[in-house]
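Worksheet: one structure, shown below.
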Amino acid sequence: MNDVKRTPWVVGVSGASGTPYAAAVLRGLLAAGESVDLVVSRASRLTLLDETAIAFRDAHWRTDLREWLARGADGKPGTFVVDVEAVRHWGAGDLAAGPSSGSYPVKGMLIVPASTACVAGVALGLSKDLLQRAASVTLKERRKLVVAVRETPLNGQTLRHLVTLDEAGAVGLPASPAFYAGATHIQDLVDFVAGRGLDAAGVPHELYRRWEGELGGSRTD
């Protein structure tokens with residue numbers, strides 16, 4: 001991989017439940033031939049440990065990432081085979097990292113899943129860690145920012161923060177799976193949300209069956 005020509009997508013993973021969504025987005029980006037700069041927040045490491053039993057360690061991030069992306073949404077190991085060579089990891093506390101500067105070339109950023117605390121931090125421009133700082137940079141540079149908020153119900157404060165992000169040019173994308181695509185497995189529902197996130201970013205994929213105007217077209221019976 002030639003770093004001089006590398007223009008990655010930044011993927012931020014916050015502490016909300018929904019690490020399978022992040023894994024599906026990462027697999028989708030890599031399958032599309034994209035490079036990725038990954039930022040895993042401190043809170044998200046606890047969620048990842050709880051949801052997958054994987055401890056994401058800075059010193060062994062490539063091994064841990066490979067194990068994480070190989071798991072299906074049902075937690076089964078070895079479901080996918082993923083090459084992670086196109087991924088670069090930045091520590092969440094590293095505010096001198098590449099994505100903290102607007103002069104660092106990236107295509108845009110996806111935050112998946114995005115907790116309400118993360119949504120608030122980005123909307124208010126707090127930049128308390130690299131994830132929030134990279135998102136603020138993405139907005140100020142007028143690059144694509146997709147925020148896959150994963151919370152329910154949403155209170156008025158969070159809704160106002162989402163409106164602020166929308167007005168700043170971000171795409172607010174609730175992690176809400178649909179059923180018209182003929183889902184038969186939890187992975188199908190996860191892939192739908194991940195695919196909609198990639199749609200918003202303009203990245204091609206084949207993660208879900210698109211609506212074609214035919215009622216019942218997804219049924220096989």
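Side chains included, hydrogens not; waters and symmetry mates left out as well; all remaining heavy atoms used.
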Decide whether [X] and [Y] are clustered together by the hydrophobic rule: side chain heavy atoms of Ile, Leu, Val, Met, Phe, Trp, Tyr closer than 4.5 Å, transitively.
X    : Y    : value
M109 : V149 : yes
F80  : V87  : yes
L110 : V193 : yes
L30  : V190 : yes
V137 : V171 : no

Side-chain donor/acceptor of [X] to backbone N/O of [Y], under 3.5 Å:
X    : Y    : answer
R150 : S17  : yes
Q187 : D74  : no
T7   : K107 : no
D191 : A194 : no
H161 : V119 : no
K144 : A201 : yes
R196 : P177 : no
S100 : L95  : yes

Nearest heavy-atom neighbours spanning [X] and [Y]:
X    : Y    : answer
S136 : S127 : OG-OG, 3.5 Å
D37  : P99  : OD2-CG, 3.8 Å
S115 : S14  : N-OG, 2.8 Å
A24  : L207 : O-CD1, 4.2 Å
S101 : S103 : OG-OG, 2.9 Å
S176 : F192 : O-CE2, 4.0 Å

Do [X] and [Y] come close enough that some side-chain heavy atom pair is under 4.5 Å?
X    : Y    : result
L26  : W68  : yes
L198 : W9   : no
V40  : L48  : no
V36  : P8   : no
L189 : F179 : yes
L69  : V84  : yes
L165 : L139 : yes

If I take atom [atom1] from residue [X] and atom [atom2] from residue [Y], how far apart are they, to the nearest 0.5 angstrom?
X    : Y    : atom1 : atom2 : result
R6   : E34  : CZ    : CD    : 10.5 Å
S41  : D129 : OG    : CG    : 6.5 Å
T138 : R133 : OG1   : CZ    : 10.0 Å
E214 : Y180 : CD    : OH    : 14.5 Å
R27  : L29  : CZ    : CG    : 11.5 Å

A quick test of your reading: do over 12 heavy atoms of other residues, nucleotides or ligands sit less than 6.0 Å from [atom1] of [X]?
X    : atom1 : value
R71  : CZ    : yes
K140 : NZ    : yes
R42  : CZ    : no

Is it true that D64 and R45 make a salt bridge, defined as a side-chain N closer than 4.0 Å to a carboxylate O?
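Answer for the salt bridge query: no.
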Would E151 and T116 count as having a side-chain donor-acceptor pair, cut-off 3.5 Å?
no
With a 3.5 Å cut-off and no angle check, do the side chains of T158 and N155 form a donor-acceptor pair?
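Side chains of T158 and N155: pair found under 3.5 Å.
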Side chain to side chain contact (heavy atoms under 4.5 Å, CB included), that's the test. Do T19 and F56 meet it? Break it down for me.
CA-CA 12 Å; T19 55; F56 194 89; over 6 Å; no
D94 and V39: side chain to side chain contact (heavy atoms under 4.5 Å, CB included), yes or no, with the steps?
CA-CA 10 Å; D94 185 3; V39 182; over 6 Å; no
